[in-house]
Structure formats: structure tokens, C-alpha cells
Amino acid sequence: MSYSSKTQSPHVALFPSSGMGHLIPFVRLAASLANQKFQVTIITGHPLVSLAESDFLSLFLSAFPQVISKEFHLLPFDPSTDKSNKDPFFLQFEAIRRSATLLSPLISSSSPPLSAFISDIFLASAFFPITADLHLPNYILFPSCANMLSLTAYFPSLVDNISEEINIPGLSTKISKSWLPPPLVLDSTSPFATQFVENGKKMVEYNGILMNTFDSLEPETLEALNEGKVVNGLPPVIPIGPLVPCEFEKQVSSLSWFDDQPDGSVVFICFGSRTALSREQLRELGAGLVKNEFRFLWILKDKKVDKEDVAEVEEVLGKGLVENLKDKGLVIKGWVDQGGVLSHRAVGGFVSHVGWNSVTEAMWHGVRILAWPQGGDQKMCSSVVKRCGLGMWVDTWDWGGGELVKGEDIGETIKELMGDEKLKLQATHIKEEARKAVASGGSSETNLLRLRKELERCM
Ligand SMILES: O=c1ccn([C@@H]2O[C@H](COP(=O)(O)OP(=O)(O)O[C@H]3O[C@H](CO)[C@@H](O)[C@H](O)[C@H]3O)[C@@H](O)[C@H]2O)c(=O)[nH]1
């Protein structure tokens with residue numbers, strides 16, 4: 001029996017977990033569905049962790065006043081759940097999961113009644129029993145690459161016996177144990193690892209897994225996932241990406257400095273929304289930039305959560321370094337419109353922590369990447385970046401917080417990136433492929449169309 005009665009258009013609720021890396025793809029999908037005249041509800045865990053999330057959500061809701069926003073008020077924090085993990089974004093996942101029983105009253109009262117529920121992979125095993133009880137068709141929006149999805153699906157069968165080299169069935173590229181998100185390897189009994197396994201197992205019960213990737217980018221992986229080679233019984237894996245930045249995300253940039261730079265001459269350095277390198281590592285990076293001939297725009301992040309990131313650039317980098325950097329580029333603390341920067345003709349390369357949204361945005365604008373993974377899924381994403389030829393990855397560089405990468409090495413590697421014509425050509429090719437995928441008749445657009453039809457049938 002369908003949960004909702006017949007209404008004029010399907011009503012879909014979307015629930016991201018926490019942090020901009022998760023909110024952004026959910027909002028882009030929500031915007032796309034709202035543009036197709038779907039009723040859309042977006043639910044977020046409150047209080048939100050960062051200012052960037054509240055600002056982004058407000059901008060979205062002003063641009064899409066027809067979207068219903070629901071606040072999911074979290075149960076009080078229980079410090080006994082995880083003493084080891086102090087990451088505020090992880091604690092928020094955990095708090096949302098622990099508050100899952102509050103979901104039923106919040107969504108049962110939806111008007112018109114919901115036709116489907118789309119949630120984040122991190123919430124999957126906690127939410128599924130609740131939304132399934134309401135007879136809702138359930139989808140996951142997986143915010144990372146298909147490579148990471150294959151690991152998530154397969155991991156439950158290898159959790160107690162992780163070898164140095166992992167062979168995921170159906171995939172020709174072997175995965176090194178060192179690419180796995182560190183908490184999975186460090187302690188398989190940690191809440192992070194336990195939830196990772198529970199979510200991975202739960203995926204088979206979902207109606208579909210939506211992906212921010214496209215067919216021609218990860219063809220072998222997507223095929224293996226959809227042919228049941230990775231895990232038998234996995235629901236359809238539906239690539240609908242790249243999820244493209246919306247109009248409301250564009251900020252009128254004050255970076256007029258950019259307009260004075262020659263084409264392709266600037267290196268953009270940004271480590272996403274929630275990664276702060278150690279001060280020692282930041283200073284090494286600065287030293288590398290001083291030695292370099294390239295101009296740069298560097299988004300400096302000193303703390304994980306933006307509200308706490310209050311120290312001045314000079315305090316973080318030291319007076320001498322700031323003086324030496326001054327004539328070579330810009331160091332900015334705070335949020336920039338990354339899509340806008342990557343689209344600027346002056347940008348020739350991107351030093352990135354390889355969060356998946358950053359990768360898809362670099363593809364969208366055809367900018368080559370120097371992959372410098374810092375944690376989580378980022379080595380799995382780096383392997384995709386290297387394989388498709390969008391960028392380079394020095395896989396001997398340690399995770400963030402590990403062995404320091406020397407400024408000299410950083411400078412040399414950036415030089416290599418900016419001089420690599422093959423990468424530049426391939427980045428332009430990937431940009432064309434990405435645009436083809438979402439254009440009329442393209443693979444992702446066709447999948448999205450099919451998904452919309454499927455959701456209409458759910459009414
Ligand atoms: O000043 C800034 C900083 C970031 N961004 C945007 O913020 C997003 C950042 O997302 P992402 O590049 O994926 O990095 P994280 O914020 O670190 O995302 C988390 O979530 C991703 C999706 O699951 C994972 O791939 C990452 O490893 C994980 O850290 C991107 O859309 C950026 O354009 C800006 O617009 N301006």
C-alpha cells in the first residue's frame with residue numbers, strides 16, 4: 001500500500017546528515033526536484049554545527065520559498081556514546097541517529113503526505129526501520145564517489161580481516177588498506193566503524209542509491225555495483241551527477257584581483273568546509289608557495305568549525321611568512337564561492353583535500369587537481385581523480401595530522417601540476433563529459449528523469 005494519497009505532485013523529504021559536504025549535494029538535488037514542480041521538504045538536525053550550514057540553508061530557502069524546511073531537534077548529547085571521537089560533525093551524525101525515534105512524528109504530519117524519503121548514508125541504518133514502518137519508499141543519496149560506495153557495500157564482509165590489499169569483487173583496481181578511512185582501521189569496534197558497517201549492510205533494503213557521479217567517469221565500478229558483483233542484492237545505483245551549483249550559491253565576489261591575472265596562472269588552494277591543517281603544516285604549505293613562481297588564492301582554515309576559526313592570518317602563519325606571501329597571492333579566511341573561483345579563467349590548478357563535492361566542481365569547470373587527501377573517503381576519491389586523469393596524487397603523503405609534508409615538496413609538486421599539459425587537456429575532456437551527462441539526453445539526466453517517474457509512481 002502506498003503511504004500517500006494521490007496529490008498533484010510527489011512530495012519528497014530529504015534529510016542530510018551534518019556538514020556542508022553533505023548539505024550541499026542534498027540541497028542541489030532538492031533544488032532540482034523543486035524546479036520540476038515536486039513538493040520538497042528538507043529536514044536538518046538542529047542546532048546545526050556550522051555557520052556555513054545555517055547561511056547556506058537560509059539562502060536556499062529564500063531562493064526556493066516553496067520548499068518546506070523542518071527542524072529536527074536533537075536529543076541531548078550523551079557523552080557515554082563515544083569518548084574517543086571529538087569531531088563535532090561526527091558527534092552530530094551520532095546525535096541525529098540517536099534521536100531517530102523523533103522522526104516518525106515529524107514526517108507523519110507532512111502535508112501533502114510524503115511519497116518518498118531520501119536520506120544520507122550516515123543515517124541509513126538508524127532511519128530505515130522508521131521510514132519503512134511508514135511504508136515510504138526509501139532512497140540514499142550517497143555524497144561520495146562510486147569507488148567509496150563499493151567499499152561501503154563490501155566492507156561488512158571484511159571488517160574482521162582487513163588485508164593490506166583489498167580486492168572488491170568485480171573491480172580491477174585493488175584498494176590499499178592505507179586508503180581506508182583511518183577510524184575503520186584503527187578500531188573496528190569504534191562507533192564510527194560500527195555505524196559504517198551497519199549502514200553498509202542496510203543498503204540492500206533501500207529502493208535505490210543516488211550518486212553524485214556519472215556513467216563515463218566510473219564505468220567499471222558502477223557496472224559492478226549494478227550487476228550485483230560487489231554485493232548481491234544491492235538496489236539500483238543511480239548516477240545523477242555532477243550535481244551542479246545552483247544560481248543562489250553564486251556570491252558577488254570581491255576578488256577583482258583575479259581579473260588582473262593571466263589565464264590559467266593561479267593556483268587555488270582550499271581544503272573544503274571542515275578540514276583544518278595543523279599550524280605547522282600550514283606554515284610548510286606557505287613556505288612552498290613563497291618559493292613557487294605561481295600566484296595563488298589560498299583559503300586558510302585553522303579550525304574545523306567556522307565559528308571557532310577566529311585567529312587572524314598573521315597569528316596562524318606568523319608575521320614573516322605573511323610578509324613573504326603578500327605580493328604573490330591572496331590568503332583569505334572565511335567562506336568563498338568555490339564554484340565561482342573554479343569557473344574563473346585565471347585559475348589553472350586546484351590543490352584540494354579531494355572532498356567529493358570539490359572534485360565534482362573541479363570537473364564541472366575543467367580544473368586539474370593536486371590531490372592531498374586529509375581523512376575520510378579522500379584517498380578513495382583521490383584514486384578516482386588519478387585514474388580518470390583529472391589530477392595527480394602523491395600517495396606517499398600522509399593523512400592530515402600524520403607526518404609533515406615539507407614546503408619544498410609541496411612547491412615542487414604544485415609546479416609539476418601547473419606544468420602538466422596532459423592533465424590540463426584531460427580536465428577539459430572530463431568537463432565536456434560531465435556537461436554531456438547532465439545535458440538533455442545525457443546519462444545522468446536520463447537517470448534523473450527515470451527517478452522522477454519512479455517517484456511519481458510512489459504517490
Ligand atoms: O570556502 C569554501 C569552502 C568550501 N566550499 C564548498 O564546500 C563544499 C565542500 O565539500 P567537499 O569538497 O566534499 O569537502 P568537505 O566539506 O570536507 O566534505 C565532507 O563530505 C564529502 C562528501 O561526503 C566528503 O567527500 C569529504 O571527504 C568530507 O570531508 C564544496 O561544495 C565547496 O565548493 C565553498 O564553497 N567555499
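The figures that follow rest on heavy atoms only: side chains count, while hydrogens, waters and symmetry mates do not. Ligands are counted one by one from 1 in listed order, and the atoms in each one are counted from 1 as well.
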(message) Just to be sure I read this right, does ligand 1 sit under 4.0 Å from the backbone of E249, its side chain, both, or neither, counting only heavy atoms?
(response) neither

(message) Closer than 4.0 Å to some heavy atom of R274 - which atoms of ligand 1 meet that?
(response) 16 (O), 17 (O), 29 (O)

(message) Regarding ligand 1, does D337 bring an N or O atom to under 3.5 Å of one of the ligand's N or O atoms?
(response) no

(message) Regarding N147 and S383, do their side chains bring together a donor and an acceptor under 3.5 Å, going by distance alone?
(response) yes

(message) Below the 3.5 angstrom mark, is there an N/O of I24, backbone or side chain, next to an N/O of ligand 1?
(response) no

(message) Please check whether S144 reaches ligand 1 - meaning an N/O of the residue sits under 3.5 Å from an N/O of the ligand, judged on distance alone.
(response) no

(message) Distance under 4.0 Å to a non-hydrogen atom of H22: what atoms of ligand 1 satisfy this?
(response) 20 (O), 23 (O)

(request) With atom 34 (C) of ligand 1 as the reference point, say which of F89, F271, W356, W335 has the nearest heavy atom. (result) W335

(message) With a cutoff of 4.0 Å, is H353 in contact with ligand 1, counting heavy atoms of the residue only?
(response) yes

(message) Whether the R97 and S17 side chains hold a donor-acceptor pair (N or O, under 3.5 Å, no angle test) is what I'd like checked.
(response) no

(message) Taking distance alone, with N or O pairs closer than 3.5 Å, would you say D377 contacts ligand 1?
(response) yes

(request) Answer yes or no: does atom NZ of K70 have more than 12 heavy-atom neighbours from other residues, nucleotides or ligands under 6.0 Å? (result) yes

(message) I'd like the name of whichever of G272, S273, P143 reaches closest to atom 23 (O) of ligand 1 through any heavy atom.
(response) P143

(request) Would you mind telling me if ligand 1 is within reach of the side chain of Q338, the backbone, both or neither, using heavy atoms under 4.0 Å? (result) both

(request) Assert yes or no for the condition that the ring centre distance of F128 to F117 is strictly below 6.0 Å. (result) no

(request) Report the member of V341, N357, V336 with the shortest heavy-atom distance to atom 13 (O) of ligand 1. (result) N357

(request) Only heavy atoms count here, so choose which of C381, P16, G21, G355 is nearest to atom 22 (C) of ligand 1. (result) G21

(message) Considering non-hydrogen atoms of the protein only, which is the closest contact for atom 28 (C) of ligand 1, and what is the distance?
(response) Q378 NE2, 4.1 Å

(request) Please determine, by modelled atom types, if T275 and Q374 share a side-chain donor-acceptor pair under 3.5 angstrom. (result) no

(message) Can you report which non-hydrogen protein atom sits closest to atom 31 (O) of ligand 1, along with the distance?
(response) E361 OE2, 2.5 Å

(request) Kindly state whether the ring of F271 and the ring of W372 have centres lying under 6.0 angstrom apart. (result) yes

(message) Students should be able to answer this: which protein heavy-atom is nearest to atom 12 (O) of ligand 1, and at what distance?
(response) S358 OG, 2.5 Å

(request) Would you tell me whether E53 and T44 have side-chain atoms, one donor and one acceptor, within less than 3.5 Å of each other? (result) no

(request) Would you indicate whether Q66, at its atom CD, is surrounded by more than 12 heavy atoms from other residues, nucleotides or ligands within a distance under 6.0 Å? (result) yes

(request) Classify the angle between the aromatic ring planes of F192 and F196 as parallel (below 30°), tilted (30 to 60°) or perpendicular (above 60°). (result) parallel

(message) For M418 versus R368, what's the shortest heavy-atom pair and its separation?
(response) O-NH2, 3.3 Å

